[in-house]
Amino acid sequence: MDLIKVNGIVVKSSDYKDNDKLVTLVTFELGKITCLARGVKKPNAKLKYAQEMFNFGEFMLAKKRDSYTLTDCVQTDSFSPITKDIEMYYCGCMMMDILSRIASYESQKTMLAQTIRMLSKLCYDEIVPEKVTTEFLKECLKQNGYDIDYKYCSVCGMDLVETAYFSDSAGLICSACANKQTDLPVNTNILKYLQSGEGSVEIAKVSNSYLAYFLEELVGIKANPMYFGSINYGE
Ligand SMILES: [Zn+2]
């Protein structure tokens with residue numbers, strides 16, 4: 001049995017047997033791993049805090065063949081304000097869910113660092129969850145190879161004004177370059193928000209559902225539809 005140390009965050013914690021939990025971590029050293037946290041459901045368990053979602057810190061694990069058991073944890077941050085506000089909490093859960101499903105190790109590692117930074121913004125800088133969501137989804141697209149240009153048509157280079165279209169082969173394009181039968185229209189308010197971050201919370205929410213759609217089409221990660229609602233095509 002080896003003892004190892006990893007730095008990461010709890011993205012999921014599920015019940016296992018009577019008193020144990022299976023904890024999914026995204027770590028800088030090993031990417032995504034699952035470890036067994038023994039006895040943490042008992043009321044006075046020493047490591048109760050360690051298995052909670054959003055717990056970020058250094059985890060000490062015992063490794064036996066391919067399985068890990070949690071032996072200790074030094075917490076860096078619990079991001080506790082996140083549990084005080086439902087919108088913040090949903091935003092945090094969406095980030096943990098998507099972070100856990102990024103397939104490439106390198107982009108997951110970069111996204112882990114970015115996600116920690118965004119959780120801090122959410123909890124301590126009082127930035128509205130919708131805007132943190134926008135930044136998170138844009139960064140996810142970028143780290144997975146889709147650094148979308150929201151200002152210029154990716155085909156002809158013209159400024160995108162009023163209406164743009166999303167094409168899953170070209171990204172955001174102008175109406176002259178679009179195939180209006182197959183490409184998804186992105187209206188003025190959404191386009192403006194994606195370019196400048198200006199717009200109401202409602203516009204931000206709709207825009208985020210578009211970004212979630214881009215992520216699904218381009219990267220193949222489907223975000224939780226409960227969080228993003230459905231996209232109103234061409235409204
Ligand atoms: Zn164009």
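All figures in this text were calculated on a predicted structure; none of them were measured in a lab.
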Output side-chain donor-acceptor pairs under 3.5 Å for residues 25-39, partner residues at least two apart or in another chain, one line each.
residue: T27; atom: OG1; partner: L30; partner atom: N; Å: 2.9
residue: T27; atom: OG1; partner: G31; partner atom: N; Å: 3.2
residue: T27; atom: OG1; partner: G31; partner atom: O; Å: 2.9
residue: E29; atom: OE1; partner: N7; partner atom: N; Å: 2.8
residue: E29; atom: OE2; partner: N7; partner atom: N; Å: 3.3
residue: E29; atom: OE2; partner: N7; partner atom: ND2; Å: 3.0
residue: K32; atom: NZ; partner: S100; partner atom: O; Å: 3.0

Indicate every side-chain donor-acceptor pair of residues 79-92 with a distance under 3.5 Å to a residue at least two apart or in another chain.
residue: T83; atom: OG1; partner: S80; partner atom: O; Å: 2.9
residue: D85; atom: OD1; partner: E87; partner atom: N; Å: 3.0
residue: D85; atom: OD1; partner: M88; partner atom: N; Å: 2.8

Return all side-chain donor-acceptor pairs below 3.5 angstrom for residues 154-163, not counting sequence neighbours, or 'none' if the list is empty.
residue: S154; atom: OG; partner: A170; partner atom: O; Å: 2.4
residue: S154; atom: OG; partner: L172; partner atom: O; Å: 3.4

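Under the salt bridge (Lys or Arg N to Asp or Glu O under 4.0 Å) criterion, K46 pairs with D72, sequence neighbours left out. Residues satisfying the side-chain hydrogen bond (donor to acceptor under 3.5 Å, both in side chains) criterion with T133, sequence neighbours excluded, are Y227. For S200, there are no side-chain hydrogen bond (donor to acceptor under 3.5 Å, both in side chains) partners, not counting sequence neighbours. The side-chain hydrogen bond (donor to acceptor under 3.5 Å, both in side chains) test applied to E58 returns no partner, not counting sequence neighbours. Qualifying salt bridge (Lys or Arg N to Asp or Glu O under 4.0 Å) partners for E106, counting only residues two or more places apart in sequence or in other chains: K109. By the salt bridge (Lys or Arg N to Asp or Glu O under 4.0 Å) test, D18 pairs with no residue at all, sequence neighbours left out. With sequence neighbours excluded, no residue forms a salt bridge (Lys or Arg N to Asp or Glu O under 4.0 Å) with K5.
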For a side-chain contact (heavy atoms from CB on, under 4.5 Å) check, start with the C-alpha distance between F166 and F214, then their side-chain angles and the critical distance, and finish with the verdict.
CA-CA 8 Å; F166 172 75; F214 300 169; 3.3 Å; yes
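In this structure, CZ in F54 is found 12.0 Å from OG in S13, a value given to the nearest 0.5 Å. Atom CG of residue L211 and atom CD1 of residue I148 lie 7.0 Å apart, to the nearest 0.5 angstrom.
Using a cut-off of 4.0 Å between Lys/Arg side-chain N and Asp/Glu carboxylate O, K41 and D20 are scored as not salt-bridged.
Side-chain polar atoms of Y213 and N208 form no donor-acceptor pair below 3.5 angstrom.
Judged as a salt bridge (charged side-chain N to carboxylate O under 4.0 Å, His left out), the pairs with a partner in residues 131-142 (not counting sequence neighbours) are, in order, R117-E135, K121-E135.
Annotation: Y16, atom OH; neighbour count of heavy atoms from other residues, nucleotides and ligands within 6.0 Å does not exceed 12. Other residues, nucleotides and ligands contribute at most 12 non-hydrogen atoms within 6.0 Å of the NZ atom of K12.
Cluster partners of Y105: none. The rule joins Ile, Leu, Val, Met, Phe, Trp and Tyr whenever side-chain heavy atoms lie under 4.5 Å apart, and it links nothing here.
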